[in-house]
Structures are given as C-alpha cells and as structure tokens.
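Both backbone and side-chain heavy atoms feed into the values below; hydrogens, waters and symmetry mates do not. One is the number of the first residue; the rest follow in order along the sequence.
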Amino acid sequence: MSPRPLMFFGTTNLDLCFNVERIPTPGESLMGSLKRNAGGKGANQAVAAARLGLRPSFYTRLGDDDAGRSLLQALREAGVRLDAIAVCPGEISGSALVLVGDDGSNMIVIDPGANANVTPSMVEKAAEFIERDAIVVAEMGMPVVALNHLFAMKSVKGFDLIFNPAPVRAGLSAAAWRSVDFVTPNQTEAFELTGVEVHDFDSAAHAAGKLLDLGPRAALITLGAQGAYYADASASFALRAFPVKVVDTTAAGDAFNGAFAASLAHRLPIREAIKKALAVAALCVTRRGAQSSMPSGWAVDEFLNSQTILELE
C-alpha cells in the first residue's frame, strides 16, 4: 500500500551555529566556532520526513536573497517538494543564532524575517497542494492568524492534523484546537499550555489530560532523554528514549515530529510510529546541525535492529 500524502507548514531559517564549550552567562564572552546550516522548525521536520523515504510537500516563505536561495537548495537536495514554497522579492529570509555547548545543550534566538509575513490568504493558496487523505503538520512559528485559517480548512480538505505548538503563543482559537488530531509539545511547551510542570511520566500524564481538554484527539508529549508519553480518549502509554551520546540537541524535537508524521504516512500503528520517532530523535542528537543531523531511513532501521525499548502502561 502506498504512503499517505504528507505536507508541512512552517518556518525556514538560516542557522548561525556557534559551538562553544558551554552556554555563556549574561555579560560573559566566550570563544567558539561558527557554521552556517539550513534550519527552521518546519523545514527541519519536512527534511526529517524526506530522509525517511517520503516526498513531502512544504509551505514556507523565503526572501529572495542569498540565504533564501541556499535554504531552497538544501530542501531540494533533501527531496522535499518545493511547489508550494513562496519566494518573495524584497524580503529577508529568516535566521537564527544558535549556541551549542559541548554537553549538547543549546540556546536559540530567532529573527523570523519572511516567516512573519504569512497571511491567511497565502495559506489558503498553499493549501491547494494538500492532497486527498493527506497528513498535514504545522508548527507555531508561523503567525497564529494563518494557523487558525489553516486549521479551519481541515473539514473541507479532509486531512489529519499534527500540531507542534512551538514556540507557544496565544491566539489559537478553540475551534482550531478541536481540529487537531495530535498535539506534540515538549516538556516546556506542555507546561506553558497547561500549567503542569512535566518532569516525569506521571506529570506528563497529568499534562496530557489537560491538553486533551483543549480539544485535540490525542496528546503526545516528548520528555527529552526520558522518552515520550501518549494519551487519547481510550488509551495511554509511555515509551522510554534510546540512550545515546548527546552531541547537539538543537533539532531533536523537529526530528521527532517529522519522523512521527512520516511513520503515520507509512501507515504504522501509533506505538510503532512513536518508537520510530524516538529512534530518529536519538540519532539526530548524536550529530551537529539541524537538517544535516536528520538520519536516513536505512540508518534508522539499522539502529532499531540493534536496540530495545521499554514500554510503560
């Protein structure tokens, strides 16, 4: 059976990545090394899915500048479909300053650039590329008014919706929340959305209940090195993460979300989809960079064949 169509809506940035011994304290100067990488949450997620053998569509907004051309080429080389992408004369592409410590921790500051100019009419035009029976993935880097419009089209277009609420912002309507099939926050985002501090699977279960009260059909909370917690109206379970040596956590959440969406597109059951997403995230954090750290489907399969994972009811 062929995979379901997959389309991502989100941001694309040029990442200016400084590798430093540790994250500096306020007022402190440190020496580091600089690399320029393709990034942005939506772009990272689309690339993660493409590396797993799919040809996802992607809507993003780029400036007609050197950065935009470089970012577009990176998406093309990864196998992402570019038909829906808007390249806008006179605008500056998004960028991000990323500090990565030797322990893998990071600190990120983003200038959204052209990403901030997405309007509901632009999203509606891009939605022409959503195919029948598609899975759509959206993150919260785009303007919330545009997300509300995208989510409102779900009943007409008939897609399943994965929503990665990062970075958390106010303004998503109650109707939009009810259109979400899977909401996928990390621990910090779950706290910002529910007021529940998530530090283990028990607190994740509490937060997941609060998330379901907002309207989504299912909640999937990532807990970094601990794993992930899933809950819907009839089932809940936790899966522990795969232990690996962490080098850079910058795009771990994007790797997880892109792989989860790709796994559902490949028609895997929920548990297997989450397990594969955890494997992709684990491999991602063993490498530096964002899109450059996304593993191939072959590498993920080899990794899974050599690992075990614990499931907690």
Side-chain angles (χ1 to χ4, degrees), residues 10-48 50-51 58 60-63 65-78 80 91-116 139-142 164 166-169 185-189 192 222-225 241 244-259 280-295 299:
T11 57
T12 307
N13 297 319
L14 178 65
D15 289 351
L16 306 175
C17 299
F18 281 89
N19 294 315
V20 293
E21 180 181 356
R22 55 182 171 77
I23 303 300
T25 58
E28 182 183 19
S29 298
L30 291 178
M31 301 295 288
S33 60
L34 171 64
K35 288 188 177 180
R36 291 170 174 82
N37 299 317
K41 292 195 69 64
N44 296 343
Q45 293 171 12
V47 168
R51 294 267 168 82
F58 180 39
T60 193
R61 189 171 173 85
L62 296 170
D65 53 10
D66 288 343
R69 287 183 282 275
S70 173
L71 293 167
L72 197 64
Q73 182 61 23
L75 291 166
R76 180 182 292 110
E77 291 175 355
V80 176
E91 296 188 29
I92 298 172
S93 298
S95 59
L97 176 63
V98 184
L99 303 181
V100 181
D102 285 348
D103 64 353
S105 61
N106 66 74
M107 181 180 295
I108 304 173
V109 180
I110 298 171
D111 176 359
N115 295 300
E139 45 98 353
M140 218 168 189
M142 292 198 311
N164 179 219
V168 172
R169 291 184 288 171
N186 64 18
Q187 291 164 272
T188 300
E189 293 146 8
E192 292 175 358
T222 56
L223 291 88
V244 293
K245 181 179 179 180
V246 176
V247 173
D248 182 359
T249 62
T250 301
D254 299 334
F256 181 93
N257 278 277
V280 171
L283 285 172
C284 170
V285 301
T286 65
R287 311 170 183 184
R288 293 196 181 276
Q291 292 172 29
S292 59
S293 70
M294 301 301 172

Correct closest heavy-atom pair for G224 and Q187 would be N-OE1, 3.9 Å
The single option from T12, N13, T11 that satisfies side-chain hydrogen bond (donor to acceptor under 3.5 Å, both in side chains) with N115 is N13
Nearest heavy-atom approach of P167 to M140 is O-CB, 3.4 Å
(Q) Taking atom CD as the centre, does Q73 end up with more than 12 heavy-atom neighbours from other residues, nucleotides or ligands that are less than 6.0 angstrom away? (A) yes
query = Is there a donor-acceptor contact under 3.5 Å from the side chain of E139 to the main chain of G10?
reply = no
- Query: Just wondering, are more than 12 heavy atoms of other shown residues or ligands nearer than 6.0 Å to CZ in R36?
  - Reply: no
Check: Would you find a donor on one side and an acceptor on the other, under 3.5 Å apart, between the side chain of E77 and the backbone of A74?
Finding: no
Scanning both residues in full, the closest heavy-atom pair of A96 with I108 reads CB-CG2, 4.2 Å
Tell me whether R22 contacts the main-chain N or O of V100 through its side chain, where contact means a donor paired with an acceptor under 3.5 Å.
no
One should read off an interatomic distance between F18 CZ and M31 CE, to the nearest 0.5 angstrom, of 10.5 Å
Those residues at least two apart in sequence (or on a different chain) that pass side chain to side chain donor-acceptor pair (under 3.5 Å) with E91 are R61, N117
(Q) Would V247 and V285 count as a side chain to side chain contact (heavy atoms under 4.5 Å, CB included) here? Give the steps. (A) CA-CA 6 Å; V247 173; V285 301; over 6 Å; no
Sorted by chain and number, sequence neighbours left out, side chain to side chain donor-acceptor pair (under 3.5 Å) with D15 holds for none
dist I23:CD1 -> D103:CG (nearest 0.5 Å) comes out at 7.0 Å
Hits for side chain to side chain donor-acceptor pair (under 3.5 Å) against E192, two or more places apart or cross-chain, chain-then-number order -> none
Worksheet entry | pair L16-L34: side-chain heavy atoms closer than 4.5 Å | yes
Minimal heavy-atom distance between A67 and L14, with the atoms involved, is CB-CD2, 4.0 Å
(message) Strictly distance-based, threshold 3.5 Å: is any side-chain N or O of N164 a donor or acceptor partner for the main-chain N or O of A166?
(response) no
Is the backbone N or O of G42 less than 3.5 Å from a side-chain atom of Q45, with the two atoms forming a donor-acceptor pair by type?
no
Closer than 3.5 angstrom, by distance alone: can the side chain of D65 be matched with the main-chain N or O of S93 as a donor-acceptor pair? yes
Worksheet item: Given the rule in the side chain to side chain contact (heavy atoms under 4.5 Å, CB included) test, do L62 and L72 qualify, once you have shown the distances and angles that lead to the verdict?
Response: CA-CA 8 Å; L62 296 170; L72 197 64; 3.9 Å; yes
For R288 and S293 the tightest heavy-atom approach is O-CB, 3.9 Å
Value for OG (S95) from CD1 (I110), rounded to nearest 0.5 Å, stands at 9.0 Å
Separation between CG (D111) and CG (L97), nearest 0.5 Å, reads 11.0 Å
- Message: Can you confirm whether I92 is buried at CD1, in the sense that more than 12 heavy atoms of other residues, nucleotides or ligands lie under 6.0 Å from that atom?
- Response: no
**OP:** Show the numbers, then the answer: is there a side chain to side chain contact (heavy atoms under 4.5 Å, CB included) between L75 and V47?
**Re:** CA-CA 7 Å; L75 291 166; V47 168; 3.9 Å; yes
Scanning both residues in full, the closest heavy-atom pair of D254 with A48 reads O-CB, 4.2 Å
Donor-acceptor check, side chain of R51 to backbone of Q291, threshold 3.5 angstrom: yes or no?
yes
